[in-house]
A.B. asks: 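My questions will all concern the structure given below.
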Number of protein chains: 2
Amino acid sequence: MAIGIKDVAARAGVSTATVSHVLNGNRPTRPTTRQRVLQAANALGYAQNQAARNLAVGRSSLFGLVISDIRNPFFPEISAAFQDQALLHDMDAVVLNTNYDDHRMLNSVKRLIGLQVAGVAVLTSEIDPAVTALLEEREIAAVYLDLGKVDRLVANISIDYEHGIAEALEYLGQLGHRRIAYIGGPPHLLSARRRKQAFLDSMRATGLEAGHAIDADFGVKGGYFACSKLLAASTESVPTAIVAANDLTAIGVLHRAHDGNLRVPEDLSVIGFDDILMAEFTQPALTTVAVPRSEIGRTAFQALWSMLGEPGGEPGAAGREFRLGTRLIKRQSALPPRTPPEERDASDQS
Amino acid sequence: MAIGIKDVAARAGVSTATVSHVLNGNRPTRPTTRQRVLQAANALGYAQNQAARNLAVGRSSLFGLVISDIRNPFFPEISAAFQDQALLHDMDAVVLNTNYDDHRMLNSVKRLIGLQVAGVAVLTSEIDPAVTALLEEREIAAVYLDLGKVDRLVANISIDYEHGIAEALEYLGQLGHRRIAYIGGPPHLLSARRRKQAFLDSMRATGLEAGHAIDADFGVKGGYFACSKLLAASTESVPTAIVAANDLTAIGVLHRAHDGNLRVPEDLSVIGFDDILMAEFTQPALTTVAVPRSEIGRTAFQALWSMLGEPGGEPGAAGREFRLGTRLIKRQSALPPRTPPEERDASDQS
DNA sequence: GTGAAAGCGCTAACAT
DNA sequence: ATGTTAGCGCTTTCAC
């Protein structure tokens with residue numbers, strides 16, 4: 001069943017070396033030979049045995065992609081973009097979920113090492129230092145998300161929350177808002193800390209009056225209750241705009257604001273992040289700071305790819321820092337009107 | 001850098017064969033030797049070189065999982081369940097998106113064959129016959145979704161829409177509904193056809209009065225307009241309940257029903273499928289027929305796993321048919337009330 | 001421009 | 001219970 005390089009060689013009347021070289025384009029071959037080989041390979045339906053190839057080359061055509069959980073809508077787009085790039089370069093990706101578990105994360109990386117992956121992208125929110133250490137020791141190219149470091153075999157992607165939030169605040173300013181509150185995420189998450197800091201810095205920079213900043217849980221419920229607190233303040237300190245650290249939080253805010261039995265500023269404006277992508281669907285009225293998911297995936301691949309040297313040759317480029325911008329998506333965010341459905345169409349499956 | 005089996009053998013003072021056997025548990029070893037080997041492996045941070053192993057064994061520790069598009073919320077859960085099972089059996093999965101493209105699907109399978117995968121799960125809606133043929137020819141274990149066939153190396157998973165819809169209709173009957181309409185999906189999709197047929201059969205069986213059955217596009221918009229048509233009918237033929245072939249369609253129906261300017265039965269009931277999972281989130285009031293996504297993923301893995309024989313030994317079990325049931329999730333589906341947020345929490349990510 | 005042959009790291013007979 | 005060793009299918013040096 002297994003059709004090997006020998007079969008192709010035999011059929012083409014050449015040596016296996018030639019077949020190999022034709023297939024990998026590693027050295028010039030006479031066009032006629034080339035033809036014969038290609039034809040033979042095709043006729044036999046030959047598929048290169050990657051296992052053997054990898055063994056010989058010492059590295060596989062696999063990249064590892066470690067994410068928190070593919071069920072979290074934040075990741076599918078990243079993963080898809082990563083794989084699309086991989087396909088373009090004739091590589092494949094093994095995507096592993098850590099389920100937010102450090103131990104499982106380390107294990108995943110060990111598995112990947114066993115698979116002889118050519119590189120690993122770790123795009124989870126928190127990264128176990130043991131992982132970076134392991135990858136470094138094994139001299140495997142790696143790219144991380146919002147990890148500070150960069151090295152010969154370590155690239156880093158960071159999201160420009162600072163600019164994104166500044167943009168959002170500017171927008172609110174144009175709308176006439178002056179008292180702006182913030183609802184953050186769990187302080188133990190790096191992204192939550194960075195977003196909050198960006199908000200505070202940006203407020204200071206623009207000279208706007210910082211309302212309260214409350215930490216919540218990145219969930220709908222957290223946003224809901226945080227909003228209660230904010231709106232229950234004495235009249236002159238009730239914010240007229242709220243920036244929420246992610247979209248679920250923002251959805252919670254909107255829910256609360258329209259539940260009634262609460263004094264809500266006429267023109268309350270809410271801004272969220274489009275982290276989990278449902279925002280647009282569930283709350284077509286929510287203005288969001290869009291995180292460039294596809295770009296993250298694409299960039300992660302490129303980062304790894306660029307660090308890859310020739311199998312036994314030059315070392316490839318050094319890792320570097322990639323900074324990705326956000327996009328402010330403006331939708332009226334005061335009252336979620338009940339409108340006819342958007343022309344969106346996310347369907348077709350099963 | 002690369003730590004090989006020899007290093008472990010040396011450090012443990014045994015032969016490579018012993019190390020191999022300890023690691024794979026292929027033959028009894030004296031506990032003390034076992035210990036020494038394990039310890040040495042651990043101390044060195046040894047990770048089995050899968051490429052070499054696969055080459056020797058003739059088969060990799062990889063399963064292929066071919067899906068339409070991981071960005072479609074139907075798939076992440078399937079994929080995650082599949083991978084969780086894989087992990088349990090010390091295997092890995094390479095997940096490939098076809099983007100609903102036959103050509104890309106065939107290509108994906110070819111890639112997987114090159115990777116020497118031990119089996120392939122093709123869980124897309126439509127399956128190119130060339131794919132089944134190729135897999136069959138290469139004698140690779142395969143499992144499909146709603147493909148009729150079953151064979152020595154071909155398993156099949158089918159969803160029991162029939163029962164699911166019957167259950168839904170029974171429920172509507174209990175609620176007192178008699179005139180029930182149906183909005184289907186694009187007839188070129190197998191799942192759409194199967195669901196529609198199940199509806200019609202079930203209606204006939206229960207003796208309920210079948211309202212109109214309209215084909216739509218599996219999208220929100222399609223549901224919206226189909227609903228317009230249904231409710232615009234002459235009074236005595238206006239349905240009091242609508243079954244929609246997927247959840248986006250159902251959401252469209254709900255949107256339309258509550259847009260005003262249309263005569264809507266007091267107690268209009270709507271039932272959808274929870275295909276894309278957002279239904280619960282966006283429309284907590286929609287009763288749905290739940291497709292068992294995780295179970296599909298889990299079953300797909302099990303199907304492949306059971307067909308795997310010993311590398312060079314017995315052939316493993318023959319492929320068989322797996323039938324998976326649906327679950328009817330009852331939520332009031334008449335008027336989507338604007339309530340405080342559910343205690344749901346899908347949050348936490350980067 | 002092409003071929004012969006030595007491994008890549010592991011497994012699995014076959015020995016002991 | 002453990003060691004020796006011949007490949008697995010490919011790449012790649014070294015000859016030609």
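Just so we're clear, the structure is a prediction, and the values are computed from it rather than from any experiment. Order of the sequence lines fixes the chain letters, A, B, ..., with proteins taken first and strands second; residue numbering starts at 1 for each chain.
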A.B. asks: Has Y46(A) got a side-chain N or O lying under 4.0 Å from the OP1 or OP2 atom of dG9(D)?
C.D. replies: no
A.B. asks: Can you check whether N26(A) has a side-chain N or O nearer than 4.0 Å to OP1 or OP2 of dT12(D)?
C.D. replies: yes
A.B. asks: Has the side chain of R30(A) got a donor or acceptor atom sitting under 3.5 Å from an opposite partner on the base of dT2(C)?
C.D. replies: no
A.B. asks: Within the 4.5 Å heavy-atom criterion, are D92(A) and L96(B) side-chain neighbours or not?
C.D. replies: yes
A.B. asks: Would you indicate whether R104(B), at its atom CZ, is surrounded by more than 12 heavy atoms from other residues, nucleotides or ligands within a distance under 6.0 Å?
C.D. replies: yes
A.B. asks: State whether a side-chain donor-acceptor pair under 3.5 Å links E321(A) with N156(A).
C.D. replies: yes
A.B. asks: Who passes ring pair (Phe, Tyr, Trp, His ring centres under 6.0 Å) against F82(B), sequence neighbours left out?
C.D. replies: F301(B)
A.B. asks: Whether the side chain of T299(B) engages the backbone of E295(B) through a donor-acceptor N/O pair (distance < 3.5 Å, no angle test) should be reported.
C.D. replies: yes
A.B. asks: On DNA chain D, compare the nucleotides closest to R34(B) and L55(B); which residue's is nearer the 5' end?
C.D. replies: R34(B)
A.B. asks: Would you please confirm or rule out a distance under 4.0 Å between OP1 or OP2 of dT11(C) and any side-chain N or O of N24(B)?
C.D. replies: yes
A.B. asks: Can you list, in residue-number order, the parts of residues 6-22 of chain A that come under 4.0 Å of DNA chain D, counting heavy atoms only?
C.D. replies: A17(A), S20(A), H21(A)
A.B. asks: Checking side-chain contact (heavy atoms from CB on, under 4.5 Å) between Y46(A) and each of L38(A), L23(A), D7(A), which is the one that passes?
C.D. replies: L23(A)
A.B. asks: Considering only heavy atoms and no angle criterion, is a donor-acceptor pair shorter than 3.5 Å present between the side chain of R27(A) and the base of dG3(C)?
C.D. replies: yes
